[in-house]
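Encoded as structure tokens, the structure appears first; notes follow it.
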Amino acid sequence: MNKRKPTIIDQQINDSTAVLTLKVDADIVDFQGHFPSYPLLPGVTQVDWAVHYGKTLLNAHCEFGGMDAIKFQEPILPDSIIELSLTWFAEKEKLHFSYTSVKEGKPEPVTHSSGRIKLEMAR
């Protein structure tokens, strides 16, 4: 079986927010070929996970309507422990996401990526 999702270590869910601690397992199929000598989690996978967990945990709408303010700042490597923060703004039909992690020797969390995704009601 081709593994596509990370291992959820912890999750905290409220009405419109979710914070998930994830282990980005090295055997996730999305690492294959991206890149052979230095595997990175593709940006499209990060967006896919945000949408997936937004829909399943926060009941976000289901039709993808575009993205804005997407930033990919720091690579996510195999076997990383990261935190995915999601906020669903139902009235605006926007899902805000950010992936962060704590790096040894750094006082503040490092942001890997962040952005806003438009999720519209099925028409």
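What you are looking at is a predicted structure, and each value in this text was computed from that prediction instead of being measured.
Here the side chains of Arg4 and Ile28 are not in contact, with every heavy-atom distance at 4.5 Å or above. By the 4.5 Å heavy-atom criterion applied to side chains, Leu40 and Ile76 are not counted as neighbours. For the pair Met121/Glu93, a side-chain contact is recorded, criterion being any heavy-atom separation below 4.5 Å from C-beta on. Leu22 has its side chain out of reach of Thr7: every pair of non-hydrogen atoms, C-beta onward, lies at least 4.5 Å apart. Looking at heavy atoms from C-beta onward, Val19 lies out of side-chain contact with Asp10 at the 4.5 angstrom threshold. Between Leu58 and Tyr53, the closest side-chain pair of non-hydrogen atoms is not below 4.5 Å. For the pair Ile81/Thr21, a side-chain contact is recorded, criterion being any heavy-atom separation below 4.5 Å from C-beta on.
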Please evaluate residues Val24 and Ile82 with respect to the criterion side-chain contact (heavy atoms from CB on, under 4.5 Å), reporting the C-alpha separation (whole Å), side-chain torsions for both, the decisive distance (0.1 Å), and the verdict. CA-CA 7 Å; Val24 185; Ile82 59 171; 3.5 Å; yes
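Summarising the geometry of Thr100 relative to Pro109, their closest heavy-atom pair is CB-CB, 4.3 Å, with the distance given to 0.1 Å. Scanning both residues, Lys55 and Cys62, for their nearest heavy atoms gives NZ-O, 3.2 Å. When all heavy atoms of Pro6 and Lys23 are compared, the pair lying nearest together is CB-O, 3.3 Å. Taking every heavy atom of both residues into account, Arg116 and Lys94 meet most closely at CB-CD, 4.4 Å. Across all their heavy atoms, Tyr99 and Ala50 have their closest contact at OH-N, 3.5 Å. In terms of heavy-atom proximity, Phe97 sits nearest to Leu86 at CB-CD2, 3.6 Å.
Between Ile70 atom CD1 and Ser114 atom OG the span is 7.5 Å, to the nearest 0.5 Å. Rounded to the nearest 0.5 angstrom, Ser113 OG and Gln46 CD are separated by 4.0 Å. Remark: Gln12 CD to Ser85 OG distance equals 9.5 Å, nearest 0.5 Å. Atom CD1 of Ile117 is separated from atom CG of Leu95 by 5.0 Å, given to the nearest 0.5 angstrom. Atom CG of Leu57 and atom CG of Leu20 lie 5.5 Å apart (nearest 0.5 Å).
By the 4.5 Å side-chain criterion applied to Ile, Leu, Val, Met, Phe, Trp and Tyr, Val102 is assigned to no cluster and stands alone.
For Ser101 and His112, the side-chain atoms include at least one donor-acceptor pair closer than 3.5 Å. In the model, Gln73 has no side-chain atom that pairs as donor or acceptor with a side-chain atom of Thr111 under 3.5 Å. Residues Asp30 and Thr45 have side chains that bring a donor and an acceptor to within less than 3.5 angstrom of each other.
Put simply, the side chain of Asp79 never gets that close to the backbone of Asp25: no donor and acceptor are under 3.5 Å apart. Using modelled atom types, one side-chain atom of Lys118 and one backbone atom of Lys92 make a donor-acceptor pair closer than 3.5 Å.
Remark: Lys5 engages Asp48 in a salt bridge (charged side-chain N to carboxylate O under 4.0 Å, His left out) (not counting sequence neighbours).
The list of ring pair (Phe, Tyr, Trp, His ring centres under 6.0 Å) pairs with a residue in residues 63-93, not counting sequence neighbours, reads His61-Trp88, Phe89-His96.
Follow the hydrophobic side-chain contacts under 4.5 Å out from Ile8 and you reach Trp49 in the same cluster. The hydrophobic clustering, which links ILVMFWY residues whose side-chain heavy atoms are closer than 4.5 Å, places Ile9 and Leu77 apart.
Atom CD of Glu91 is surrounded by more than 12 heavy atoms from other residues, nucleotides or ligands within 6.0 Å.
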